[in-house]
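Step one of this worksheet: look at the structure below.
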Protein chains: 2
Amino acid sequence: MQNLSSMHNITEHHNHQRCIDDAMTRAKALCHSRQVKFTRIREQVLACVWANHQPVGAYTILEELAKDSSRRPAPPTVYRALDFLLDNGLVHRIASLNAFIGCQDPSHQHQGHFLICRQCRNATELDTDIINTAINTAAKQHGFSVEVPCVEVVGCCAHCKENRDND
Amino acid sequence: MQNLSSMHNITEHHNHQRCIDDAMTRAKALCHSRQVKFTRIREQVLACVWANHQPVGAYTILEELAKDSSRRPAPPTVYRALDFLLDNGLVHRIASLNAFIGCQDPSHQHQGHFLICRQCRNATELDTDIINTAINTAAKQHGFSVEVPCVEVVGCCAHCKENRDND
DNA sequence: AAATAAAATGTTATAATATTGCATTTGCAC
DNA sequence: GTGCAAATGCAATATTATAACATTTTATTT
Ligand SMILES: [Zn+2]
Ligand SMILES: [Zn+2]
Ligand SMILES: [Zn+2]
Ligand SMILES: [Zn+2]
């Protein structure tokens, strides 16, 4: 996976319904092939996560589920669904935001790198080898074996920079 | 700052009292030069953070302060001190652990990169340009301006790997 | 089909981390 | 000393996450 997130610039207009549809289709297929259950709740939670490209908190998901359903689910319901989705690589957790975002390519396990716009809050997942290589090189100098690299870069995305200039 | 953390391997035996003394001396000097106050509480909190090389949680610090003093401080006391120390670059926050660690080189503002051993919990701060360069290169490809790069790598340190081999 | 086991969800309570708002104290300029 | 700003004390609460156990659903065995 080299250029998945550059297929389109999520900060510009794009057919987001397609993002959602693709993500749900992928998830369904992947769970089927792995013989794990893509239950209603898990599906609902994944849909919430894919509502947009901004990382979403567990309690926000809870609110959304409460709207859809007649009765309000409890936190464990959401966290269990999120754990399932995390285990299956369908979502990533953004530690610095205590929030979750849909994975662009769940077909292989990975910990993505994220560019998070301070202004529009959109997060873009990268998986350019260049960052992993740099981390591995630096770690190796210290005799350190990398298991889970976590890279969460806050800054300003191209779209927001443009808008700011236009003001 | 290129090789600060390679001065010694913190996972091996080292004169940690010297780490503490150096950190406190640096902090005192730095606050004096910046004309900000290194109050008793801030000093106590920084000392707690430097008790070892493992990131420490705010409520653990709270416990330590409670031991020292007759009366138990409230959370805001600790968080305010931590905010001060963060603002002045004397400590870093490890988002993935909700914990804090002393900065190896507070003289210039930076967001360090951390190698966190899953076994011994020690965290080593890097600031090798190689990682920053990689992040900037990847970000640039997306027109993204980096403001705060957050790199927290979990894995196994050299010392723990050695010990494991010896078992 | 009935019995059994395993997985998923419901429910209540609570833990862990962090912040808000306001009162009080401290240190310093005047 | 008076006045002001910064720092701290303090109570309450917000936010994120998990533990423990009951119930329901789904799959497997008989
Ligand atoms: Zn989209
Ligand atoms: Zn991903
Ligand atoms: Zn040390
Ligand atoms: Zn540092």
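In what follows, every heavy atom counts, from backbone to side chain, and hydrogens, waters and symmetry copies are set aside. Quick note on labels: first sequence line is chain A, next is B, and so on, each numbered from 1.
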(message) Test: side chain to side chain donor-acceptor pair (under 3.5 Å). Region: residues 19-34 of chain A. Which pairs qualify, not counting sequence neighbours?
(response) A:Gln17-A:Asp21, A:Arg34-A:Asn88
Starting from [atom2] on [N], measure out to [atom1] on [X] and report it in whole angstrom.
X       : N      : atom1 : atom2 : value
B:Arg72 : D:dA11 : CZ    : C1'   : 15 Å
A:Leu65 : C:dT11 : CG    : C1'   : 16 Å
B:Leu86 : C:dT17 : CG    : C1'   : 15 Å
A:Leu82 : D:dT18 : CG    : C1'   : 13 Å
B:Ile61 : C:dA16 : CD1   : C1'   : 14 Å
B:Glu63 : C:dT17 : CD    : P     : 11 Å
A:Leu62 : C:dT9  : CG    : P     : 15 Å
A:Ile41 : D:dT26 : CD1   : P     : 11 Å

(request) Scan residues 75-88 of chain B for pairs that pass salt bridge (Lys or Arg N to Asp or Glu O under 4.0 Å), counting only residues two or more places apart or in two chains. (result) none
(request) Could you verify whether a donor N or O on one side chain and an acceptor N or O on the other, from A:Asn52 and A:Arg121, lie under 3.5 Å apart? (result) no
(message) Hydrogens and angles aside, do A:His159 and A:His13 bring a side-chain donor and acceptor to less than 3.5 Å of each other?
(response) no
(message) Looking at A:Arg71, I'd like to know whether one of its side-chain N or O atoms comes within less than 4.0 Å of OP1 or OP2 on C:dT11.
(response) yes
(message) Any side-chain N or O of A:Thr77 below 4.0 angstrom from OP1/OP2 of C:dT9?
(response) no
Using a cutoff of under 3.5 Å, can you pull out all pairs of nitrogen or oxygen atoms linking the protein to nucleotides 6-8 of chain C, with atom names and distances?
none

(request) Could you list the residues that satisfy ring-ring contact (aromatic ring centres under 6.0 Å, His included) with A:Tyr79, not counting sequence neighbours? (result) none
(message) Which residues pass the ring-ring contact (aromatic ring centres under 6.0 Å, His included) test with A:His92, not counting sequence neighbours?
(response) A:His110, A:Phe114
(request) Mind checking salt bridge (charged side-chain N to carboxylate O under 4.0 Å, His left out) for A:Arg72 and listing every partner two or more places apart, or none if nothing turns up? (result) A:Glu63
List in chain and number order the residues that pass side chain to side chain contact (heavy atoms under 4.5 Å, CB included) with [X], two or more places apart in sequence or in another chain; answer none if no residue qualifies.
X        : answer
B:Gln44  : B:Arg40, B:Ile41, B:Leu65, B:Asp68
A:Ser107 : A:Asp105
B:Lys37  : B:Thr39, B:Arg42
B:Arg118 : A:Glu147, B:Val154, B:Arg164

For nucleotides 18-24 of chain C, list the nitrogen or oxygen atoms of the protein found under 3.5 Å from its nitrogen or oxygen atoms, one pair per line.
residue, atom, partner, partner atom, Å
C:dA18, OP1, B:Arg93, NE, 3.4
C:dA18, OP1, B:Arg93, NH2, 2.1
C:dA18, OP2, B:Tyr79, OH, 2.9
C:dA18, O5', B:Tyr79, OH, 3.4
C:dA18, N7, B:Tyr59, OH, 2.6
C:dA18, N6, B:Tyr59, OH, 3.3

What's touching nucleotides 3-5 of chain D from the protein side, N or O pairs under 3.5 Å?
none

